[in-house]
Trainee: 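Below is a structure I'd like to ask you about.
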4 protein chains.
Amino acid sequence: MKIMLELDKKARILAAAMEIFGERPYHAVKMEEIAERASVGKGTVYGYFSGKDELFREMIHESFEVYFREALAAVSEQGTAKDQLRRLFHYHLYFIEKHASAARILAGERRLPNPEIEVAKERYANMKGFLSQLLSKGISNGEFREIDVQIVSEIFLGTFTSLWAAVIFNELPLAESESVVDKILDLYLNGLSKS
Amino acid sequence: MKIMLELDKKARILAAAMEIFGERPYHAVKMEEIAERASVGKGTVYGYFSGKDELFREMIHESFEVYFREALAAVSEQGTAKDQLRRLFHYHLYFIEKHASAARILAGERRLPNPEIEVAKERYANMKGFLSQLLSKGISNGEFREIDVQIVSEIFLGTFTSLWAAVIFNELPLAESESVVDKILDLYLNGLSKS
Amino acid sequence: MKIMLELDKKARILAAAMEIFGERPYHAVKMEEIAERASVGKGTVYGYFSGKDELFREMIHESFEVYFREALAAVSEQGTAKDQLRRLFHYHLYFIEKHASAARILAGERRLPNPEIEVAKERYANMKGFLSQLLSKGISNGEFREIDVQIVSEIFLGTFTSLWAAVIFNELPLAESESVVDKILDLYLNGLSKS
Amino acid sequence: MKIMLELDKKARILAAAMEIFGERPYHAVKMEEIAERASVGKGTVYGYFSGKDELFREMIHESFEVYFREALAAVSEQGTAKDQLRRLFHYHLYFIEKHASAARILAGERRLPNPEIEVAKERYANMKGFLSQLLSKGISNGEFREIDVQIVSEIFLGTFTSLWAAVIFNELPLAESESVVDKILDLYLNGLSKS
DNA sequence: GATGAATGAGTCTTCATTCAT
DNA sequence: CATGAATGAAGACTCATTCAT
């Protein structure tokens, strides 16, 4: 809360919205509550956002933004495709620690208000594009075998989302995440079959 | 709709709720609409369900029920673990075709009202248990190598959910599902690495 | 109030709205107050009218309706044009006694919400048409001299409205209305000039 | 607008209020809009007026002031009573052209906030007094016959208001006003009856 | 003074739920 | 039992007014 007071009003409101939408679903969240948590007046919220919907949308947008920016940065260009993949998986779990509410919202709110779903898809597509590139690179340099890059990207994104859900809703202890990521990578890299 | 009129009232209401909750999120669904779609009076809904929450809960419960019952049946006991796994993946996509609304709801409504989340977790655990068994069996009979059964089960469930989401929200054409499932299985069985 | 309870709900709400909009201008009237005065729940009002605006509109519409229907009936077809004119003036003042709130609203609320202003104009035109006919008849049968029927109709309508305003806002005692009407008619019939 | 910028702030605000209250009813006018139209800050309005009500009141007051001052001047003392009456009618229509918003407001806003209604009544009484004098003068010098001076004054004021309304709301073309005034005077002076 | 960002009291409106028929 | 008219608690949103700069 003290930290929040240092942000400007709009950021405070978004942060408050994130916290609260992270706790309860859309319809159970009151604008007044968000205003209170942000330590601003109810009317102030409407000075920055045209209504509940737009606030929600912008908040999702923000979360995506942060996630994708940091994820790309985390992976960087260096190292083998495997290494990059590993870093991506790790960042993913790190994001949950760092931005718990955002993770909760991104993992939970699949059914988005219509205009935002487009933005979500676009971001999703970006991320998938990045994964595809990474996999293609791995294939060309001989690290990976010839798999359907589109499908595998999809699976990876799915795994990411599920990991969040597992951590957030099933309370998979974050502490174990290191070894979990390794095991997941092992599965994906080496497969399930005996030989 | 004609078919619905042959069901008893409670089933009609659940079916209507499924359709509509499949279209829009919880807070955008009106009890009146459900009653209309079910061709019953608004008050009648309250004869069968104590309120909107319970109706929602029961509807989720139903969806899970159907899914898990049919999934288990589809897999049966026979065949290799691989075959069973394959049948499970196929059933999963079949479910989307057969019960589109249910799939939409199960995939989309992660943020459940609190008491229901417990039921969801239980079902989820059941399913995971079944997958674990299947994997363990595959390991003992030499089909699979020694992987962390818990983690891999988790990943599989995640892949299931993501497949739904991909089909439902990103409009992955269902027609391609056969080959997609094969590619997914290939990834999981043989891994990503070259050798 | 007791009388109102015998009316059906919609009529009760309209009557309550008439009373209250008759007391205070649009923006100072609360929907809740109307509901209370009509002895119905706040939500009930919205069952009959889509909102405050529509309620206001319908209420104006009603008032016009009553006024014009009764005015035409009062004048009827019989008698000389002068007699009919006299009856119309008298009815006009009678309306204030019988429908005080309606008169107050019709006299006071010139600035109507846009769609309703059209209805108002139409009614106004109807009334003017009726007066024109009456004057024309008086001209043809030699009662009146050749005046501009349009203008004089307009003036008469204006006089009507002003009479209301005088009674309602300046508190011209209704008791004197009989003789006032006679004096007005005298002015209009015989003019101001000496000979 | 350029002209407005030359006025002092208070006059600018009043002028802006007049324009906007002339367009829409009280409750649909926002203080912010008035401030913008006057090219001053929202807070500045409160430096000159204690609130929306007072601003509205002063604006009405202003309009009355202008109207009555100019009307009296236009009529002056000279000429026959008939001539003065003629000049008054003509001034009236001139006022509509010159001060359209003011006319609109004076014609439309019958339902005034309570304290102001007193001022309005006072002004109205002044005007009526003037008309009465004029009529009395006409009677004493033999121009007019013996009519009830009070009633006829009232009727004339009513006609004025109605003329406004006719021009403003029914879109009676102002161009025709000259001949219209003549016809009105003809009616009032010579009456409706044949002989 | 002048400003406009911030405020929150005040309202409209919705919709889950009830209950008389 | 079934119904849907009626209800009012709950909440989104507006806008007159204030006050720190």
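Throughout, a chain's letter reflects where its sequence line sits, starting with A, and its residues are numbered from 1.
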Trainee: Specify the separation, in whole Å, of atom CG of D53(D) and atom P of dC15(F).
Mentor: 16 Å
Trainee: Does dT13(E) pair with anything, Watson-Crick or G-U wobble, both distances under 3.5 Å, and if so, with which nucleotide?
Mentor: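 Its partner is dA10(F).
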Trainee: Expressed in angstrom and rounded to an integer, what is the separation of K52(B) atom NZ from dT18(E) atom P?
Mentor: 15 Å
Trainee: How close or far is atom C1' of dA16(E) from atom CZ of F56(B), stated in whole angstroms?
Mentor: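 Atom-to-atom, F56(B) to dA16(E), this comes out as 16 Å.
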Trainee: Whole angstrom is fine here: how far is it from CD in E32(B) over to C1' in dT7(F)?
Mentor: 14 Å
Trainee: Tell me if a side-chain donor or acceptor on R12(B) pairs with a main-chain N or O of A38(B) at a distance below 3.5 Å.
Mentor: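 At least one qualifying donor-acceptor pair exists.
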Trainee: Are any of the side-chain heavy atoms of H99(D) and Y67(D) separated by less than 4.5 Å?
Mentor: no
Trainee: Parallel, tilted or perpendicular: which fits the ring planes of F21(A) and F56(A), with parallel below 30° and perpendicular above 60°?
Mentor: perpendicular
Trainee: Please give, in whole Å, the distance from dC15(F) P to I34(D) CD1?
Mentor: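 After rounding, the gap between these two atoms is 13 Å.
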Trainee: Tell me if the side-chain of K42(A) makes a donor-acceptor pair with the base of dG10(E), cut-off 3.5 Å, by modelled atom types.
Mentor: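 Such a pair is found, so the answer is yes.
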Trainee: Do Y26(D) and D53(D) make a side-chain contact, defined as non-hydrogen atoms from C-beta onward lying under 4.5 Å apart?
Mentor: yes
Trainee: Tell me the interatomic distance from F49(A), atom CZ, to dA6(E), atom C1', rounded to whole angstroms.
Mentor: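 The distance from CZ of F49(A) to C1' of dA6(E) comes to 15 Å, rounded to the nearest Å.
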Trainee: Check E54(A) against Y48(A) and note the closest heavy-atom contact, atom names and distance.
Mentor: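 Smallest interatomic distance, heavy atoms only, reads OE2-O, 4.1 Å.
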Trainee: If I take atom CD in residue E33(C) and atom P in nucleotide dG8(F), what distance separates them, rounded to the nearest angstrom?
Mentor: 17 Å
Trainee: For dT21(F), which nucleotide in any strand shown is its Watson-Crick or wobble partner with both distances under 3.5 Å?
Mentor: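 Check on dT21(F): paired to dA2(E), both distances under 3.5 Å.
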Trainee: What does V29(A) touch in the nucleic acid at a heavy-atom separation under 4.0 angstrom: a base, only the sugar-phosphate, or nothing?
Mentor: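 The answer is sugar-phosphate, as V29(A) gets under 4.0 Å only of primed atoms, P, OP1 or OP2.
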Trainee: Where each residue is assigned the nucleotide of DNA chain F containing its nearest heavy atom, which of M31(A) and G41(C) is assigned the position nearer the 5′ end?
Mentor: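 Looking at DNA chain F, the more 5' nearest nucleotide goes with G41(C).
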Trainee: What's the closest nucleotide to the K9(B) side chain, out of dT18(E), dT3(F), dA16(F)?
Mentor: dT3(F)
Trainee: Out of dA12(F), dA16(E), dT7(F), which has the shortest distance to the side chain of Y46(A)?
Mentor: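 Among the listed nucleotides, the one closest to the side chain of Y46(A) is dA12(F).
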Trainee: If you pin G43(C) and G47(D) to their nearest nucleotides in DNA chain E, which one's is more 5'?
Mentor: G47(D)
Trainee: Nearest nucleotide by nearest heavy atom, which residue falls closer to the 5' end of DNA chain E, Y48(A) or S50(C)?
Mentor: Y48(A)
Trainee: Nearest-Å distance, CD (E36(A)) to P (dG11(F))?
Mentor: 12 Å
